[in-house]
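Data first, discussion second: the structure below is written as C-alpha cells.
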2 protein chains.
Amino acid sequence: MSTPDINSWQSVQDEVLRRIHNRIWKPGAQIPNETDLAKEFNCGRTTVNRALRELAESGILERKRKSGTRVALHPVSRAVIAVQIVRREIEERGASYGYALIDKRVGTPPHAVTFAMELAQGEEMLHVRAVHLADGVPYALEDRWICLRTVPQARDYDFAQKSANEWLLENVPYNRATLSILATPASAFEQEYLAVPDKASILHVERATWRDKGPVTFVTISYQPGHRIISTTTS
Amino acid sequence: MSTPDINSWQSVQDEVLRRIHNRIWKPGAQIPNETDLAKEFNCGRTTVNRALRELAESGILERKRKSGTRVALHPVSRAVIAVQIVRREIEERGASYGYALIDKRVGTPPHAVTFAMELAQGEEMLHVRAVHLADGVPYALEDRWICLRTVPQARDYDFAQKSANEWLLENVPYNRATLSILATPASAFEQEYLAVPDKASILHVERATWRDKGPVTFVTISYQPGHRIISTTTS
DNA sequence: ATTTTCTTTATGTCTGCACATAACGAGAAT
DNA sequence: ATTCTCGTTATGTGCAGACATAAAGAAAAT
C-alpha cells in the first residue's frame with residue numbers, strides 16, 4: 001500500500017477528509033466499505049467505524065446499512081453554539097459581572113410564551129425580569145417565565161442575589177430544550193433597561209426547557225445592539 | 001444488583017442521565033469509574049465508555065484521566081444549528097425557490113470582510129450579491145466576497161442561474177469555517193431588496209470559509225425581519 | 001522546603017471477533 | 001405483473017483484553 005499505517009481513528013478521519021477535500025472521493029460518490037478501508041489502512045474495522053461514524057454525525061458522510069457510505073452531496077454543516085449562564089459569558093470576555101433584579105411577580109404569560117412551552121393558556125406562572133451587567137454596563141436582559149406547577153419552589157426564592165438563570169440550572173434539571181434566535185427592534189422596556197436608542201436592533205435568544213413532560217421555563221435573553229453569537233468551528 | 005442488565009450504550013446513557021436528573025449523582029459530584037459501572041450494569045467497559053464519552057462531549061459530564069468523571073457543575077449545553085444552502089432552507093419550508101442575481105463585480109472588500117477572513121487589506125476579490133426568493137417573495141439577501149486567489153475560476157462563472165452559495169459548495173471544498181450571528185437595522189440596500197420598511201431589524205448570519213490556509217469566501221446572509229434560527233435539540 | 005522521580009489509577013484507544021439489524025435485490029409463489 | 005420470502009451485504013453494536021497516556025499523589029533526592 002502507498003499509504004503508511006493509519007491506525008488511529010483520528011488519522012483515519014484525517015485521511016478520509018483529505019480524500020474528500022482533494023476530490024479523490026467526490027460528493028455523492030460511494031466510498032469503500034469499512035472492511036476494505038480497514039485492510040488498506042492496516043487497522044481494525046472498529047477504528048474505521050469510529051472515524052466514519054463521527055463524520056456521518058457531522059454531516060460530511062451519509063451512511064446506510066447495506067447501501068454503504070457516500071460523501072454527502074450538500075453537506076449540512078452543523079454550527080455549534082455554546083449555551084451557558086450569562087455570568088460565565090461575561091466573565092469569559094474578561095469583564096466583571098453584575099446583576100440586578102428588575103421585578104418578580106406571578107401572572108399569566110402571553111400567547112408567545114405558552115405557545116413556545118407547548119401549553120394551554122391561562123396557567124399562572126412566575127415572571128422574573130433582570131439585567132446582567134458587564135463592567136457595570138447593561139449587557140443583556142433576561143425575561144423569564146417559570147412554570148410553578150413544575151417548579152413550585154421558585155415562588156419563594158428571592159432572585160435578588162442569584163439570577164434565575166443560575167438558580168434554575170443548579171436546582172432544576174431539564175431533559176429537553178429548544179432554542180431560537182431572532183432579531184427585533186428594541187421595545188420600550190429594552191430601551192429603558194439596556195439604555196439603547198429608539199429602534200435599535202436587538203438580538204434575542206429564546207430558550208424553553210422541560211423536565212420530562214413538565215415545562216420548566218421559557219426565557220428570552222436580549223443582548224445589547226452589536227452583540228454577536230459566535231459558533232465554535234466544527235468538522 | 002437492583003438494576004437489571006443495561007447492556008447497550010444507549011441504555012447506559014439513559015440510566016446515567018436518569019441518575020443525574022434525579023440528583024442521585026449531584027452536580028459537581030464524582031461518579032463511579034468505568035470498570036465499576038460496567039460491573040454494575042453487567043456490560044463491557046467499552047460500552048460504558050461510549051455512553052460517558054458522548055455525555056462528556058455534550059457537556060453534561062466532565063472527564064479527566066486519573067481524576068475520574070464528575071457531573072458538570074455548570075453544564076455548557078451545545079445548541080446545534082444546521083447550516084445549509086438557502087435553497088434547501090426554503091424548500092424545507094414547503095415554499096418554491098427563486099433566485100435573482102443583483103450584481104457581480106471585482107473590487108476591494110471593506111475592512112470588516114478582510115478582518116473576518118484574516119487577510120491584509122487591498123487584495124481584490126469578487127463581490128456577488130443576490131436575493132433568494134420564497135414563493136416569489138424576497139426571503140434572504142446574499143452578500144458574498146470570493147477570494148480570487150484561492151478560487152480563480154469564480155471570475156468567469158456566471159452566477160445568474162446558480163447561486164454562489166450552491167456553486168461554491170459543489171465546487172470548492174473547505175476545511176475550516178467560522179460563523180457569527182448578529183442583528184442590525186436594515187441598510188438602504190436591504191430595505192430595497194428585501195422590501196422592508198426603514199429601521200426594520202434584520203438578522204444576519206456571517207460565514208467565512210477557508211481551504212487549508214487559503215481564504216475561500218466570506219458571506220453575509222440577511223434575512224427578512226421576523227426570521228428565526230432554530231436549533232435542533234441536543235440533550 | 002522544594003524539586004524530581006516513580007507508582008498508581010482512570011480514562012483513551014485499538015484489536016479481533018461475534019452477533020444484530022436495516023435494506024437491497026433475487027427468486028418463488030401467487 | 002405483483003407480492004412475498006429470504007439470502008446477502010454493509011453498517012451498528014457489544015465484548016474481552018491489551019496497551020497508551022494523562023495526571024494525582026507518594027516517595028526520594030536535592
Side-chain angles (χ1 to χ4, degrees), chain A residues 1 3-17 19-20 25-73 75-76, chain B residues 1 3-17 19-20 24-73 75-76 235:
Chain A
M1 289 298 137
T3 46
D5 282 13
I6 294 180
N7 43 13
S8 78
W9 68 269
Q10 189 60 70
S11 59
V12 169
Q13 209 173 68
D14 289 347
E15 174 62 15
V16 169
L17 280 173
R19 292 185 186 185
I20 293 172
W25 291 338
K26 298 194 176 63
Q30 205 161 49
I31 74 172
N33 69 39
E34 295 183 345
T35 317
D36 291 349
L37 285 176
K39 238 173 272 171
E40 181 190 343
F41 294 147
N42 195 28
C43 69
R45 185 172 78 90
T46 320
T47 308
V48 174
N49 182 277
R50 169 143 190 208
L52 298 188
R53 194 205 324 139
E54 292 214 343
L55 291 176
E57 273 163 18
S58 82
I60 292 172
L61 295 177
E62 282 168 7
R63 322 193 74 196
K64 241 185 358 199
R65 276 167 158 143
K66 159 79 182 175
S67 313
T69 303
R70 53 181 64 247
V71 181
L73 208 50
V76 180
Chain B
M1 289 298 138
T3 46
D5 283 14
I6 294 180
N7 43 14
S8 77
W9 69 267
Q10 189 59 73
S11 60
V12 169
Q13 209 171 71
D14 288 347
E15 175 61 16
V16 169
L17 281 173
R19 293 187 185 184
I20 293 173
I24 298 169
W25 293 338
K26 299 195 175 60
Q30 206 161 46
I31 75 172
N33 69 38
E34 295 184 346
T35 318
D36 291 349
L37 285 176
K39 239 174 272 171
E40 182 190 343
F41 295 147
N42 194 29
C43 68
R45 185 172 78 90
T46 322
T47 308
V48 174
N49 181 276
R50 172 148 183 201
L52 299 187
R53 191 199 333 131
E54 292 213 343
L55 291 176
E57 273 164 18
S58 81
I60 291 171
L61 295 177
E62 282 167 6
R63 322 192 74 196
K64 233 174 22 184
R65 277 167 155 138
K66 160 79 183 176
S67 310
T69 302
R70 51 182 65 248
V71 181
L73 208 49
V76 179
S235 71

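Chain A is the first sequence line, chain B the second, and so forth, proteins listed ahead of strands; every chain is numbered from 1. Source: prediction; values computed, not measured.
The residue among A:Trp9 and B:Thr69 whose nearest nucleotide of DNA chain C lies closer to the 5′ end is B:Thr69. Of the two residues near DNA chain D, A:Ile31 and B:Lys66, the one whose nearest nucleotide lies more 5' is A:Ile31. Taking the nucleotide of DNA chain C with the nearest heavy atom to each of A:Ser67 and A:Ser8, the more 5' of the two is matched to A:Ser8.
The distance from atom CG of B:Leu61 to atom C1' of C:dA10 is 14 Å, rounded to the nearest whole Å. Rounded to an integer number of Å, the gap from B:Asn7 CG to D:dA16 C1' is 15 Å. Put simply, CZ on A:Phe41 is 13 Å from P on C:dC14, counting in whole angstrom units. For the pair A:Leu52 CG and D:dT13 C1', the interatomic distance rounds to 15 Å; values are reported in whole Å. A straight line from CZ of B:Arg63 to C1' of D:dA24 spans 17 Å, rounded to a whole angstrom. The CG-C1' distance, from B:Leu55 to C:dT11, rounds to 15 Å in whole Å. Taking atom CZ of A:Arg53 as the reference point, atom C1' of D:dA10 lies 15 Å away to the nearest angstrom. Here D:dA16 presents its P atom at 12 Å from NZ of B:Lys39, a figure rounded to the nearest Å.
For A:Arg45 and C:dG16, the shortest distance from a side-chain N or O to OP1 or OP2 is not below 4.0 Å. Remark: A:Thr47 is in phosphate contact with C:dT15, judged by side-chain N or O atoms under 4.0 Å from OP1 or OP2. In terms of phosphate contacts, B:Arg50 brings a side-chain nitrogen or oxygen within less than 4.0 Å of OP1 or OP2 of D:dT13. Note on B:Lys64: a side-chain N or O is less than 4.0 Å away from OP1 or OP2 of D:dA24. In this model, the phosphate group of C:dT11 is not approached by any side-chain N or O of B:Asn49 to a distance below 4.0 Å at OP1 or OP2. A sub-4.0 Å separation between OP1 or OP2 of D:dA16 and a side-chain N or O of B:Thr46 is absent.
Here A:Glu40 contributes atom CD and A:Glu15 contributes atom CD; the two are 7.0 Å apart, rounded to the nearest 0.5 Å. To the nearest 0.5 angstrom, B:Leu52 atom CG is 11.5 Å from B:Glu57 atom CD.
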Should A:Gln13 and A:Ile60 be marked as a side chain to side chain contact (heavy atoms under 4.5 Å, CB included) after you check the CA-CA gap, both sets of side-chain angles, and the distance that decides it?
CA-CA 11 Å; A:Gln13 209 173 68; A:Ile60 292 172; over 6 Å; no
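At distances below 3.5 Å, not a single donor-acceptor pair connects side-chain atoms of A:Glu62 with backbone N or O atoms of A:Arg70. At distances below 3.5 Å, at least one donor-acceptor pair connects side-chain atoms of B:Gln30 with backbone N or O atoms of B:Ser67.
For A:Arg65 and C:dT21, a side-chain-to-base donor-acceptor distance below 3.5 Å is present, hydrogens and geometry of angles not being considered.
Distance from the side chain of B:Asn33 is smallest for C:dT11 among the nucleotides C:dT11, D:dG12, C:dA22.
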